[in-house]
Number of protein chains: 2
Amino acid sequence: MNNNSGNDKTMTIHDVARELGVSASTVSRAISGKGRIGAATRDRILAYIEEHGFYPNAAAQSLAQSRTNNIAIILPEVNTLVDMPFFHTCMYGVEEVAQANDYDIIVVTTNGNDTKPLERLIKNRKVDGMILTRTYENDKYVKFLKQKQIPFVAVGKFPDDDVVQVDHDNVGACKELVTVLFAKGIQNIAYLGSNMDQMVNRCRYQGYEEAYRKGKRKLNQDLVYKDLSSRAMVEKAVEELKNSGVECILCQDDYICDEVVRKLARMGVRIPDQMKVASCHYSRILENYPVTITSLKFNITELGRRSCQVLLDMIHGKTVPDKTLLDYEIILKESTKG
Amino acid sequence: MNNNSGNDKTMTIHDVARELGVSASTVSRAISGKGRIGAATRDRILAYIEEHGFYPNAAAQSLAQSRTNNIAIILPEVNTLVDMPFFHTCMYGVEEVAQANDYDIIVVTTNGNDTKPLERLIKNRKVDGMILTRTYENDKYVKFLKQKQIPFVAVGKFPDDDVVQVDHDNVGACKELVTVLFAKGIQNIAYLGSNMDQMVNRCRYQGYEEAYRKGKRKLNQDLVYKDLSSRAMVEKAVEELKNSGVECILCQDDYICDEVVRKLARMGVRIPDQMKVASCHYSRILENYPVTITSLKFNITELGRRSCQVLLDMIHGKTVPDKTLLDYEIILKESTKG
DNA sequence: CTGAAAGCGCTTACAG
DNA sequence: CTGAAAGCGCTTACAG
């Protein structure tokens, strides 16, 4: 097994070459699979390598080939029970396909402003590409990465066509959800959102709006709250909506949904009899309620996987689709019954 | 600003050397700060580098110095609302001090069994050290890392003295919490836990036990549940405890606490009047209850930071403490009032 | 099909 | 204090 015969210095390609009576070039070719090499020689070398657990020095490969087999995943600084699991799960997906392709992921957290950490990573040549997991309307990082000409994919939807994007079809999903709710006979649906500078939130609102247009219904702006940045604001919105006699509240995400459900409970308003509720993004938070909540369900791990796959394709010079839109599910539950 | 005068090839140390009329060695010395160099020369070189945004090629540095300026953070595969934020937050902490020291972090997720991904990282020489964020009683990864002789720190407490550990003082914290509850006049306190193979859970239980011993109280094993691996089991335990007339339930973590609080609500049992509740680990989940919960509070970001700091110290050859124990806070809230 | 040689971009004894 | 040279461990035209 562990035969470090004599010295414990880490093995190099030359060691195996000497041991096998071939040249280092040949060993290199056997490992990389590039260049012509006799099948017998190749097999002999591979067998030796396997048996002795030789792994080539990544830095040397990196230097010789100008590639690192690392990609960066850029995470925003978040701390809510909705956001953390999202990015963590997405990261899992990315890592899964990265691993499968012998890539490693370097995690870098951004504060939304500073590009220095990315710059260092790029200029030091520590990564071959990057995945930007949250995007804003006027995204500083997108601009930066475009300018740096490094392969990258953005999770999110953009007007810019020169940015490779992977995302769930948030627009289509919300549109369909609202359309379905209309079809169930619900007359008016309010929208509660926040942080409209994030692309994901813009998309959701856009879907909501499109459903109104598609249904040829007039969208009353009194039913729309786009800037609920605090619990108090959500509560106030819920009170106003209750008084306005709206039938259903569509929440941009489970963070808002959580506040809405609690507020309604405190107000003694029963879901769905006295108020229906739906959320644009299913997370485990929703599992905690006595009443199950209608929502959209996205496969976040898959989002990570696909983003990574697209990025790797880019890195390897394949042509990739500008936009990859992932599927969604509409989960109808008690909260919109009746 | 951006003066790629003519060619866009990335700058090397030789380019700046030529431009400044010095040798590459001198430039290298200016950058690294190692070796003797004239202050004037150094400043001139540094100024040039700063102005032209030169960053040394990491692979070349890596190869020449046998160090990567990367560390790996090993994460377990988790998906609960309690675990994900914990590891994510810990990762933030690690990254923060890594960044500050010009290190990058490579994330690798483990399934608890396979050591291949770690092996590859080590043998490829892609990292200088590792942080193991969850530890088990008989930890396969700990064994593996010890054998590989790579610098690493484990988050968690171990019997082994040859493993560098950084952790909150879970034993001391739980012990103190229980002692305080006793001091409040509570006569008997039940313990609800699970997954006793994880070191963190063993520590918490140990603290609980020690508090009993310290208080010279007899610990009735009917009050102890160590293997609540499902919601149903927690519910059953809560029912039994309610019937047994116990006064207070100590939950190993907020995952269990969550189940306990909900179950009590469904049973119509009021907290704290009819049952007191405390948790060994504060997370945001607790913020969602109508009644505030007594708990231990740990600073997870700091846990990450310290782990990383200790690891970097090891890598740089400093002597580090075998065990670093971080502080905790006891947060007394309504749930144990009266 | 295989090997010798140059090169990737740094660092670091060794001279001076 | 500074430079020329060898070396880190690979890869890859170039010959043969």
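The main-chain N or O of Val155(A) is found under 3.5 Å from a side-chain atom of Thr135(A) such that the two form a donor-acceptor pair.
An OP1 or OP2 oxygen of dT12(D) is reached within less than 4.0 angstrom by a side-chain nitrogen or oxygen of Lys34(A). Phosphate proximity of dC8(C) to Ser66(A): absent, as no side-chain N or O sits under 4.0 Å from OP1 or OP2. Put simply, Thr26(B) has a side-chain N or O that comes within less than 4.0 Å of OP1 or OP2 on dG3(D). Phosphate contact (OP1/OP2 of dG9(C), side-chain N/O of Thr12(B), threshold under 4.0 Å): absent.
Tyr55(B) has its OH atom 14 Å from the P atom of dC10(C), to the nearest Å. Rounded to a whole Å, the CZ atom of Arg36(B) is 16 Å from the C1' atom of dA15(C). Look at CD1 on Ile37(B): it is 9 Å from P on dC1(D), rounded to the nearest Å. Rounded to whole Å, the distance from CD on Gln65(B) to P on dC8(C) is 19 Å. Taking atom CG of residue Leu63(B) and atom P of nucleotide dG7(D), one finds them 14 Å apart after rounding to whole Å.
Remark: of the listed residues Asp167(B), Asp197(B), Asp83(B), Asp83(B) is the sole one forming a salt bridge (charged side-chain N to carboxylate O under 4.0 Å, His left out) with Arg134(B). Exactly one of Val107(B), Ile106(B), Leu145(B), Ile131(B) qualifies for a side chain to side chain contact (heavy atoms under 4.5 Å, CB included) with Ile74(B). That residue is Leu145(B).
For Ser28(A) and Ala39(B), each mapped to the nucleotide of DNA chain D holding its nearest heavy atom, the one lying further toward the 5' end belongs to Ala39(B). For the pair Arg29(B) and Val27(A), nearest-nucleotide mapping onto DNA chain D gives the more 5' position to Arg29(B).
Between dA6(C) and dT2(C), the distance separating the two P atoms is 23 Å to the nearest Å.
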Evaluation steps, side-chain contact (heavy atoms from CB on, under 4.5 Å), between Thr68(A) and Lys126(A): CA-CA 6 Å; Thr68(A) 63; Lys126(A) 286 193 92 162; 5.5 Å; no

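Residue-level contact check: Thr41(A) touches the backbone only, with heavy atoms under 4.0 Å from sugar-phosphate atoms and none from bases.
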